[in-house]
Q: 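Have a look at the structure that comes next, please.
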Amino acid sequence: MDLGLTGKQVCITGGSVGIGLAVARRFAEEGADVAILARDKERAENEAKRIEQDFQVKALGISCDVTKPEEIDAAAAHIEATFGGIDILINNAGTGSEETVMEATDERWYYYMDLHLMAAIRLTRALVPFMRKRGGGAIIQTASICAKQPLWYEPIYNTTKAALLMFSKCLSNELVSDNIRVNTISPGLVLTPDWQKTAGILSEKEGTTPEAYLDGIAKENAPIGRFSAPEEIAHLYAFLASDRASYVVGSNYYIDGGWLRVSE
Ligand code: NDP
């Protein structure tokens, strides 16, 4: 199926590793130019170079801490100067947390609000004017199954991802008349370096191997009995951002191997 993404220009936050990198590479495979934003400049630049070599598209690796408004403004200016605008925004940067509500400080709450919610709001404000000039576009947020079905050890993660999901719905109503479609993807278990790191630490505590630890988590939670590869879920991003999904507005798609315990 031709997704019609050739020549489109895509900004992906957290695009230097894990889900974001797989998404960036999937868009590039379709012939789209990509700008990947992450804090580690060298990693972002190296992955951008690799994308250019592998897919013969333009790729930018931009150093940007999306919790900092001034860095978002600088990244938007960089994108405008290099690409002349943008067609698609993927708000993906994020990370898990571990705390109790009673012990977590305001600073911790504010950090995750900035990372998961305000970054998406600020990038939207910075990049939507470019989409309007081009006559339309698409925005996709990476939320999480935890926005709906919380994990007990990460209340801040669950809450901020739920806020992102509601923001996405509100934004979809506001931008539909600009021909900008906004949707959310809520993954379940995706095997990224973040999970591998967690498995390394926790498996040692439990006296098992990282592989056995991850296998146990998957079997315990996802009816499919395994983690997804980042590449496996990247297809959904490409499809939802394409004109093939032209009637999909304000939706949230779970991609979780059946982990969500209710029907949606
Ligand atoms: P990774 O930890 O593998 O990658 C995170 C990416 O985000 C990196 O590129 C990282 O680069 C970037 N990043 C982190 N903090 C910031 C910041 N402050 N500013 C800019 N970039 C930042 O994560 P995943 O691929 O696992 O997760 C991607 C998204 O998917 C997250 O939002 C996560 O919550 C969500 N998700 C993941 C699931 C999973 O099972 N993996 C399940 C459900 C949702 P750098 O460190 O250089 O900044």
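Whatever order the structure lists them in is the order used to number ligands and atoms, beginning at 1.
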Q: For the pair R244 (side chain) and A238 (backbone), establish whether a donor and an acceptor sit closer than 3.5 Å, ignoring hydrogens and angles.
A: no
Q: Taking all atoms of both residues into account, what is the closest heavy-atom pair of R39 and S63, and its distance?
A: O-OG, 3.7 Å
Q: To which protein heavy atom is atom 42 (C) of ligand 1 closest, and what is the distance rounded to 0.1 Å?
A: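 Nearest protein contact, heavy atoms only, for atom 42 (C) of ligand 1 is G188 O, 2.8 Å.
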Q: Specify the protein heavy atom at minimum distance from atom 19 (N) of ligand 1: its residue, its atom name, and the distance to 0.1 Å.
A: V66 N, 2.9 Å
Q: Looking only at non-hydrogen atoms, find the nearest pair between A48 and A59 and report the distance.
A: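 Closest heavy-atom pair between A48 and A59: O-CB, 3.3 Å.
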Q: Heavy-atom distance to atom 5 (C) of ligand 1: which of G94, A22, A93, G20 wins?
A: G94
Q: Please classify the C64 to ligand 1 contact at 4.0 Å (heavy-atom distances, strictly less than): side chain, backbone, both or neither.
A: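 Under 4.0 Å from ligand 1, C64 contributes backbone atoms alone.
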Q: With backbone taken as N, CA, C and O and side chain as the heavy atoms from C-beta onward, which portion of T192 lies under 4.0 Å from ligand 1: side chain, backbone, both, or neither?
A: side chain
Q: Mind checking whether K161 has a heavy atom under 4.0 Å from ligand 1?
A: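 Heavy atoms of K161 do come under 4.0 Å of ligand 1.
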Q: Would you find a donor on one side and an acceptor on the other, under 3.5 Å apart, between the side chain of S168 and the backbone of L165?
A: no
Q: Numbering the atoms of ligand 1 from 1, which are under 4.0 Å from a heavy atom of L115?
A: 15 (N), 16 (C), 17 (C), 18 (N)
Q: Nearest to atom 28 (C) of ligand 1, what protein heavy atom do you find, and at what distance?
A: N92 OD1, 3.5 Å
Q: Indicate yes or no: does an N/O atom of L37 lie under 3.5 Å from an N/O atom of ligand 1?
A: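 It does not: no N or O of L37 is found under 3.5 Å from an N or O of ligand 1.
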Q: Any nitrogen or oxygen of T142 lying under 3.5 Å from a nitrogen or oxygen in ligand 1? Just yes or no.
A: no
Q: Just jot down the ligand 1 atoms closer than 4.0 angstrom to any heavy atom of W195, in number order.
A: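 Those qualifying, in numeric order: 39 (C), 40 (O), 41 (N).
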Q: Looking at atom 10 (C) of ligand 1, what's its closest protein heavy atom, distance included?
A: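 Scanning the protein heavy atoms, the shortest distance from atom 10 (C) of ligand 1 goes to R43 NH2, 4.1 Å.
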Q: Does T13 come within less than 4.0 angstrom of ligand 1, counting non-hydrogen atoms of the residue?
A: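 Per 4.0 Å heavy-atom rule, T13 does not contact ligand 1.
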Q: Of all the atoms in ligand 1, which lie at a distance below 4.0 Å from a heavy atom belonging to G18?
A: 3 (O), 25 (O)
Q: Verify the distance criterion only: is there a donor paired with an acceptor across the side chains of T67 and D114 at less than 3.5 Å?
A: no
Q: Checking D87 side chain against K8 main chain: does a donor-acceptor pair fall under 3.5 Å?
A: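 Not confirmed, D87 side chain does not pair with K8 backbone.
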Q: Does a side-chain N-to-carboxylate-O contact under 4.0 Å join K49 and E52?
A: no
Q: Considering non-hydrogen atoms of the protein only, which is the closest contact for atom 12 (C) of ligand 1, and what is the distance?
A: G14 CA, 3.5 Å
Q: Decide whether E99 and S97 meet the rule of one side-chain donor and one side-chain acceptor closer than 3.5 Å.
A: yes
Q: Backbone, side chain, both or neither: what part of A143 comes under 4.0 angstrom of ligand 1, heavy atoms only?
A: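 It is the backbone that touches ligand 1; the side chain stays farther off.
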Q: Could you list which atoms of ligand 1 come closer than 4.0 Å to a heavy atom of D194?
A: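 Listed by number with element: 2 (O).
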Q: Starting from atom 14 (C) of ligand 1, find the nearest protein heavy-atom neighbour and note its residue, name and distance.
A: R39 NH2, 3.4 Å
Q: Checking a contact table here: which protein heavy atom is nearest atom 18 (N) of ligand 1, and how many Å away?
A: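 So the nearest neighbour among protein heavy atoms is D65 OD1, 2.9 Å.
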Q: Give a yes/no verdict on whether any heavy atom in F227 is under 4.0 Å from an atom of ligand 1.
A: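 No heavy atom of F227 comes that close to ligand 1.
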Q: Considering only the protein, which heavy-atom contact is closest to atom 33 (C) of ligand 1, and what is its distance?
A: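 Of every protein heavy atom, Y157 OH, 3.6 Å lies nearest to atom 33 (C) of ligand 1.
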Q: Determine whether the side chains of N252 and S186 contain a donor N or O and an acceptor N or O closer than 3.5 Å.
A: yes
Q: Using a strict 4.0 Å threshold on nitrogen-to-oxygen distance, state whether E29 and R25 make a salt bridge.
A: no
Q: Report yes or no: do Y237 and T142 form a side-chain donor-acceptor pair below 3.5 Å?
A: yes
Q: Side chains of T159 and V101, heavy atoms from C-beta outward: is any pair under 4.5 Å?
A: no
Q: State, without any angle test, whether Q9 and D33 hold a side-chain donor-acceptor pair at a distance under 3.5 Å.
A: yes
Q: Is atom NZ of K161 surrounded by more than 12 heavy atoms (other residues, nucleotides or ligands) closer than 6.0 Å?
A: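 Counting other residues, nucleotides and ligands, NZ of K161 exceeds 12 neighbours.
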Q: When you look for heavy atoms under 4.0 Å from ligand 1, do you find them on the side chain of Y111, its backbone, both, or neither?
A: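 For Y111, the contact with ligand 1 is made by the side chain alone.
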Q: G96 near ligand 1, heavy-atom distance under 4.0 Å?
A: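 Judged by the 4.0 Å heavy-atom criterion, G96 does not count as contacting ligand 1.
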